[in-house]
Amino acid sequence: MSAAERHIAHLDMDAFYASVELLRYPQLAGQPVVIGGGRRHQPEPQPDGSLRFATLESYVGRGVITTATYAARAFGLHSGMGLMKAAKLAPQTVLLPTDFDEYRRFSRRFKAAVAELAPVIEDRGIDEIYIDLSQIEGVAADHGAAIAAAIKARVKAATGLSCSIGVTPNKLLSKLASELDKPDGLTILREADVESRIWPLPARRINGIGPKAAARLEAECGIRTIGELAAAAPHELIERFGRSYGAWLHAAAHGRDERAVVTEQETTSISRETTFERDLHARRDRALLTPVFTRLCEQLAADLQRHQLEARTIGIKLRYDDFRTLTRVQTLPVATAQPAAIRRAAGECLKRAPLEQRLRLLGVRASSLQPAGTPPPPQPPQTADLFA
DNA sequence: TCTGGGGTCCTAGGACCC
DNA sequence: TCTGGGGTCCTAGGACCC
């Protein structure tokens, strides 16, 4: 491993789901559009051949925005916001249903396009990747500017979509850099730029500082920006946030990150969950709940089988009407991908959960995964055997 | 009528074993 | 009938991310 400076890119597709939908419905370009909710608001063909799109004002339900176009963001709409709340802010916004199959197709397409130019890619979900450019010839000359521009052009040619790229010496800085010039941005940063370009940003922008940590930093330390975090005494961060997280906060604020670009990652869990249209009572609404529960288990089993995996641990997740979340898991003696075995184990978990309160969500999860057909480890002898 | 669905990683305590 | 330290497995919850 050379000690030479690394060149790591972070590529983020711009408003990905919404941009894919705009390819399908170009007449919506420039309009406020959000993606989200169920399947009930498909565009309806009109007698004159045009399409009639649903708008937020007619939405009823518990869905959230998964992606908003930049025009919709101008109204204050953003991903994660409840659609009912969004409807109050901008009722005329077009609402399109989520079509994950289509987004996955475009995801594969843009990643394949990048791989033609730079094959060392770390998947970070459907719409973003890290790319290690360090081995690309001539990258040091311009710190990755030319190859990043070429990647942007190749993605655009392959998908019709724009993306934003940050290139820096590490993943942490690249993730920050890719956001600095969105949409259709290209930002090159070196370590010497951290003070001027990164330190003014809110600490919350750092990948790994979420709402809780950001609130504590501000309330307990008066820290709002990354620069203020960088100036904090390491031992104080460690006292407040623990040895591991405190030390990481300090390093992150100084733009230090040694993590490698990881090209292969094993799945550690698979889950299925659903939020009910109205809160259900475990006993009184049992007739409604039971088939949903069984179907989640069947879907989970199918997911496992599709991935050729088996699970040793099966768990459930409940969300109560007050949004508290509870989990129960059970580890089985033998791994399974069978719907009946999963249903049985999940049923045992459910017996150990309090069910007085109404539920808004029910989920089933498989973990301790292993390849299908892995021979079971030798079992400890049964009591009966010892005295046989 | 606030708050989806799919993930990862970390912590912490108890059981059990050497 | 005290006193250990370390290791693994399991469970529950929480923070965070896309």
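Protein chains get the first letters and strands the later ones, always in sequence-line order, with residue 1 at the start of each. Given the structure is predicted, the values throughout are model-derived calculations rather than measurements.
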Under 3.5 Å, which donor-acceptor pairs link side chains of residues 203-217 of chain A to any protein atom two or more places apart or in another chain?
{"from": "A:Arg204", "atom 1": "NH1", "to": "A:Ile209", "atom 2": "O", "distance (Å)": "3.1"}
{"from": "A:Arg216", "atom 1": "NE", "to": "A:Glu220", "atom 2": "OE2", "distance (Å)": "2.8"}
{"from": "A:Arg216", "atom 1": "NH2", "to": "A:Glu220", "atom 2": "OE1", "distance (Å)": "3.4"}
{"from": "A:Arg216", "atom 1": "NH2", "to": "A:Arg240", "atom 2": "O", "distance (Å)": "2.9"}

State, yes or no, whether a side-chain contact exists between A:Ile129 and A:Phe110 at a heavy-atom distance under 4.5 Å. yes

Find out whether the Lys NZ or Arg CZ of A:Arg73 is both under 6.0 angstrom from the six-membered ring centre of A:Tyr70 and within 45° of the ring's axis. yes

If the sugar-phosphate is the primed atoms plus P, OP1 and OP2 and the base is the rest, what is the B/S/- string for nucleotides 3-8 of chain B, using protein heavy atoms under 4.0 Å? BBBSSS

A:Tyr103: which of A:Asp127, A:Thr66, A:Thr98, A:Thr67 passes side-chain contact (heavy atoms from CB on, under 4.5 Å): A:Thr98

Only pairs with both distances under 3.5 Å count, Watson-Crick or wobble alike; so what is the partner of B:dA12 in this structure? C:dT11

Which is true for A:Arg312 with a 4.0 Å heavy-atom rule: it touches a base, it touches only sugar-phosphate, or it touches nothing? sugar-phosphate

Complementary nucleotide for C:dC18 - Watson-Crick or wobble, under 3.5 Å: B:dG5

Is there side-chain contact between A:Thr187 and A:Ile165, with at least one heavy-atom pair below 4.5 Å? no

Counting the atoms with a prime plus P, OP1 and OP2 as sugar-phosphate, which does A:Thr98 contact under 4.0 Å by heavy atoms, base, sugar-phosphate, or nothing? nothing

With a 4.0 Å cut-off on N to O distance, would you call A:Asp184 and A:Lys156 a salt bridge? no

Could you check whether any side-chain heavy atom of A:Gln27 comes within less than 4.5 Å of a side-chain heavy atom of A:Phe53, counting everything from C-beta outward? yes

Going 5' to 3' along nucleotides 11-18 of chain C, which nucleotides have protein heavy atoms under 4.0 Å from the base (write B), which only from the sugar-phosphate (write S), and which from neither (write -)? SSS-SSSS

Less than 6.0 angstrom from the centroid, inside 45 degrees of the normal: does A:Arg319 satisfy that with respect to the ring of A:Phe323? yes

If we take the C1' atom in both B:dC17 and C:dG4, what is their distance in whole Å? 14 Å

